[in-house]
Number of protein chains: 2
Amino acid sequence: MCQDVFVPTPQRSARRSDALSRERIVAAAIEILDADGEPDLTFRALTARLSTGAGAIYHHIANKNELLAAATDDVIAQLFSQIEKDADPAQTLRAISLGIFDAIDAHPWVGVQLSHDPFPAVLRIWKAIGEQLQALEVTGPAQSNAGSALVSYVLGAAAQHVAGPRTQRDTAAKREAYLETLAERLTLHDPDPLVGEIADQLREHDDRAQFLAGVDIFLTGIIAQTTRPTPTSS
Amino acid sequence: MCQDVFVPTPQRSARRSDALSRERIVAAAIEILDADGEPDLTFRALTARLSTGAGAIYHHIANKNELLAAATDDVIAQLFSQIEKDADPAQTLRAISLGIFDAIDAHPWVGVQLSHDPFPAVLRIWKAIGEQLQALEVTGPAQSNAGSALVSYVLGAAAQHVAGPRTQRDTAAKREAYLETLAERLTLHDPDPLVGEIADQLREHDDRAQFLAGVDIFLTGIIAQTTRPTPTSS
DNA sequence: ACCTGAACACCGTTCAAGT
DNA sequence: ACCTGAACACCGTTCAAGT
């Protein structure tokens with residue numbers, strides 16, 4: 001269809017100074033999502049915060065899915081503008097992974113969204129990780145496999161980290177209680193000693209440190225496979 | 001419109017032979033989820049299929065979250081009853097990972113649920129993977145790290161695999177078109193040659209093979225770390 | 001062009017009333 | 001004890017009407 005022009009019209013009737021825009025809508029959505037979680041992001045809450053009518057939003061955003069995707073992309077874009085690249089590609093990959101983990105820790109709804117509907121934010125992640133893998137001289141199908149695996153791991157681990165709690169406040173304050181409850185329910189329902197061990201690990205472990213240990217397992221595997229592509233090669 | 005009566009009940013006190021039960025409710029929910037996807041699992045659709053009233057469900061299931069968790073646990077439990085253990089723990093870990101991937105491929109809503117609300121199904125996965133890691137003589141904190149990482153990878157990869165399509169029919173028939181559309185949008189919005197490469201990979205790659213390649217990166221990393229715990233050790 | 005807000009077609013859950 | 005189904009308190013989205 002045609003391009004809609006979008007002439008900013010400086011003089012005109014001036015209207016309200018804080019006119020609605022996609023940016024303002026996304027910013028307001030992020031505030032609600034961070035404060036109250038995804039279920040509380042309703043068009044009614046959004047219109048109340050923006051002092052507008054329900055339908056006005058739809059002049060800038062197609063629907064709620066697009067709003068969530070835009071809010072997620074905003075957080076991820078912001079994150080990548082802050083990542084500092086190291087001379088060592090493996091170290092940069094650790095920084096990228098940890099940056100994503102911390103962003104999802106701070107905005108749990110981002111983790112849910114990236115697993116549910118990855119476009120367009122996950123593209124940024126693919127690009128950044130692919131670049132570093134090339135620097136590691138992992139190329140061709142090996143790069144595709146390694147990149148896909150690392151992206152899946154990072155998103156999967158972050159999603160597990162924020163599973164249960166729905167807001168950042170919840171994550172910090174309630175995750176311990178959540179894990180404790182979970183641990184109790186496990187041991188209650190299952191006398192298996194292995195379950196007891198898992199429950200203890202739940203109580204004690206540090207998600208962030210464990211996440212980084214997983215990244216290192218990946219990097220070790222990628223580097224080992226590059227050095228020695230197949231187990232049968234000499 | 002008022003009488004409704006329509007009481008077939010032949011002899012009364014026998015009640016209906018197919019009385020409601022948690023099992024029948026969960027089975028009906030799985031049928032709807034597989035056929036139409038999570039958004040179409042409504043209590044109205046469920047009561048219609050079970051020929052009952054809306055409130056009757058609540059005598060057996062606390063709410064929709066519990067219903068989704070129960071349906072997911074049902075699928076995962078079913079899966080583990082079919083896994084064949086190999087003498088080689090690494091091979092069994094591949095079989096478990098692939099079994100979970102295929103189960104989520106067949107029931108995409110399971111992937112969403114496991115990322116969103118892991119209990120109790122993810123416990124089964126932890127147990128099965130932890131057992132095989134012990135057989136690999138990965139113990140202590142290393143086992144905890146390795147198990148957590150593999151679970152995160154498997155769930156993350158499966159979630160990415162089913163992202164977009166919402167039913168198994170969609171996955172098979174529409175994923176190719178989805179990836180093609182995605183590839184086109186990528187190249188349209190971004191002239192970066194790296195994006196072009198990613199788009200080509202999207203079009204060509206085999207999710208299942210790539211998933212297995214990622215599992216092997218993991219196993220390689222875990223085994224390499226066990227053999228040589230820290231990079232600085234001789 | 002952009003905004004308004006009532007209206008529409010839903011949804012999960014509750015609860016008085018039945019058996 | 002278990003079931004019924006109307007009612008309640010929402011929700012995302014639409015659309016005639018305004019400026």
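Since this is a predicted model, take the numbers as computed values, not measurements. Labels below follow one simple rule: chain letters A, B, ... track the order of the sequence lines, proteins then strands, and each chain is numbered from 1.
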Write down the distance between [atom1] ([X]) and [atom2] ([N]), rounded to a whole number of angstrom.
X	N	atom1	atom2	answer
A:His59	D:dT14	NE2	P	12 Å
A:Ile57	C:dG5	CD1	P	13 Å
B:Asn63	C:dT13	CG	C1'	9 Å
A:Arg22	C:dC2	CZ	P	14 Å
B:Ile25	D:dC2	CD1	P	11 Å
B:Tyr58	C:dT14	OH	C1'	8 Å
B:Asp40	C:dG12	CG	C1'	15 Å
B:Asn65	C:dC11	CG	P	17 Å

Quick check for you: to the nearest 0.5 Å, what is the distance between [X] atom [atom1] and [Y] atom [atom2]?
X	Y	atom1	atom2	value
A:Ile32	A:Arg49	CD1	CZ	5.0 Å
A:Trp109	A:Asp34	CH2	CG	6.0 Å
B:Ile96	B:Leu150	CD1	CG	8.5 Å

Among [options], find the nucleotide with the atom closest to the side chain of [X].
X	options	answer
A:Arg44	C:dG12, D:dC3, D:dC11	D:dC11
B:His60	D:dA6, D:dT14, D:dC3	D:dC3
B:Thr52	C:dC3, D:dT4, C:dG12	D:dT4

* Looking only at heavy atoms, which two atoms of B:Phe211 and B:Tyr153 are closest? And how far apart? ->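 Heavy atoms of B:Phe211 and B:Tyr153 come nearest at O-OH, 2.8 Å.
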* To do: Could you please spell out the steps behind the salt bridge (charged side-chain N to carboxylate O under 4.0 Å, His left out) verdict for B:Asp105 and B:Arg208?
  => CA-CA 10 Å; B:Asp105 184 59; B:Arg208 202 162 178 272; over 6 Å; no
* Determine the contact category for A:Ile61: base if any of its heavy atoms lies under 4.0 Å from a base atom, sugar-phosphate if only primed atoms, P, OP1 or OP2 are that close, otherwise nothing. =>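 Touches nothing.
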* Asked: Base, sugar-phosphate, or nothing: which does B:Leu67 touch, judged by heavy atoms less than 4.0 Å apart?
  ->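 Touches nothing.
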* To do: If C:dA17 has a Watson-Crick or G-U wobble mate with both distances under 3.5 Å, name it; if not, just say none.
  =>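 WC or wobble partner does not exist here.
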* Is there a Watson-Crick or G-U wobble partner for C:dG12 with both distances under 3.5 Å, and if so, which one is it? ->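 Because both required distances fall under 3.5 Å, C:dG12 counts as paired with D:dC8.
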* To do: Please figure out whether B:Ala56 or B:Lys64 has its closest DNA chain C nucleotide nearer the 5' end.
  =>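 Counting from the 5' end, the first nearest nucleotide belongs to B:Lys64.
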* Closer to the 5' end of DNA chain D via nearest nucleotide, is it A:Gly55 or A:Phe43? ->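 The 5'-side residue here is A:Phe43.
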